[in-house]
Amino acid sequence: MWSKFDFNDPYEGEIFESINNTPIPTEYIDFMKKHNGGEGDTGESWLMLYPFEELVEINEEYQEYLKDGFIIGSNGGGELFGINGDGRYFIVPDIIEEEYLTVIGNSIENLPEDINRYWNNL
């Protein structure tokens, strides 16, 4: 799943439990403790996962548009990836309007496959 991905060094800083009043899933926190983001090819798209320590600042500009979720990365070409309050992973255009949010999965481990499935079904 993550074979074409270049991960960052593990995250060793302070762990926060929510962003924009949305809880951060434990699975995602554990993943970031190991990898702390990075970037690579998913097969159908490019994925850049933002480092954990940058998520609060990055999400400040999106909080007025995204009431139930937060952004964790992008494809570098106009699409953002995030997690909603139900712990589901989504894709949304970078001109965020919550009505255009598309849930694509519910596990960080499967995110590359979920992204590919999304792009293959368009």
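Around the CG atom of N21, the shell of radius 6.0 Å holds no more than 12 heavy atoms that belong to other residues, nucleotides or ligands. For CG of N120, the number of neighbouring non-hydrogen atoms (other residues, nucleotides, ligands) closer than 6.0 Å is greater than 12.
Put simply, CZ on R88 and OG1 on T102 are 13.0 Å apart, with the number rounded to the nearest 0.5 Å. Remark: D114 CG to T42 OG1 distance equals 10.5 Å, nearest 0.5 Å. With rounding to the nearest 0.5 angstrom, the CZ atom of F70 is 8.5 Å from the CZ atom of F90. The CG atom of D6 lies 13.0 Å from the CE atom of M48; values are rounded to the nearest 0.5 Å. For the atom pair CG of N20 and CG of N59, the computed distance is 5.0 Å after rounding to the nearest 0.5 Å. Annotation: the span from H35 atom NE2 to I108 atom CD1 amounts to 9.0 Å, rounded to 0.5 Å.
Counting heavy atoms from C-beta outward, Y50 and S74 have side chains that approach closer than 4.5 Å. Between Y89 and N110 there is no side-chain heavy-atom pair separated by less than 4.5 Å. Residues F7 and N36 form no side-chain contact, since every pair of their non-hydrogen atoms from C-beta on lies 4.5 Å or further apart. Counting only heavy atoms from C-beta outward, the side chains of E64 and K67 approach each other to under 4.5 Å.
One N or O on the side chain of N75 and one on the backbone of G77 form a donor-acceptor pair closer than 3.5 Å. A distance-only check finds a donor-acceptor pair linking the side chain of N84 to the backbone of D86 [under 3.5 Å]. Distance alone, capped at 3.5 Å, is enough to place a donor-acceptor pair between the D68 side chain and the G85 backbone.
By the criterion of side-chain heavy atoms lying less than 4.5 angstrom apart, applied directly or through intervening Ile, Leu, Val, Met, Phe, Trp or Tyr residues, L49 is grouped together with I58 in one hydrophobic cluster.
Using the six-membered ring where Trp is involved, W2 and F5 have ring planes that are perpendicular, over 60° apart on the 30 and 60° scheme. Between F52 and F16, the ring planes lie parallel to each other; the angle is under 30°, not in the 30° to 60° tilted range.
Residues M32 and G37 share a closest heavy-atom pair of CE-N, 3.3 Å. Taking each heavy atom of T22 and G69 in turn, the nearest pair found is OG1-N, 3.1 Å.
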Query raised in the report: What do the steps show when you test K33 against D30 for side chain to side chain contact (heavy atoms under 4.5 Å, CB included), and what is the final call?
Result: CA-CA 5 Å; K33 284 179 182 178; D30 292 344; 4.2 Å; yes
Query raised in the report: Do I83 and I72 pass the side chain to side chain contact (heavy atoms under 4.5 Å, CB included) test, and can you show the C-alpha distance, the side-chain angles, and the key distance before you say yes or no?
Result: CA-CA 7 Å; I83 304 172; I72 61 169; 3.9 Å; yes
Query raised in the report: Could you walk me through whether I91 and W119 pass the side chain to side chain contact (heavy atoms under 4.5 Å, CB included) check?
Result: CA-CA 11 Å; I91 187 170; W119 287 110; 4.1 Å; yes
**Report entry** From CA spacing to verdict: side chain to side chain contact (heavy atoms under 4.5 Å, CB included), L66, I71
**Finding:** CA-CA 9 Å; L66 193 60; I71 300 302; 3.9 Å; yes
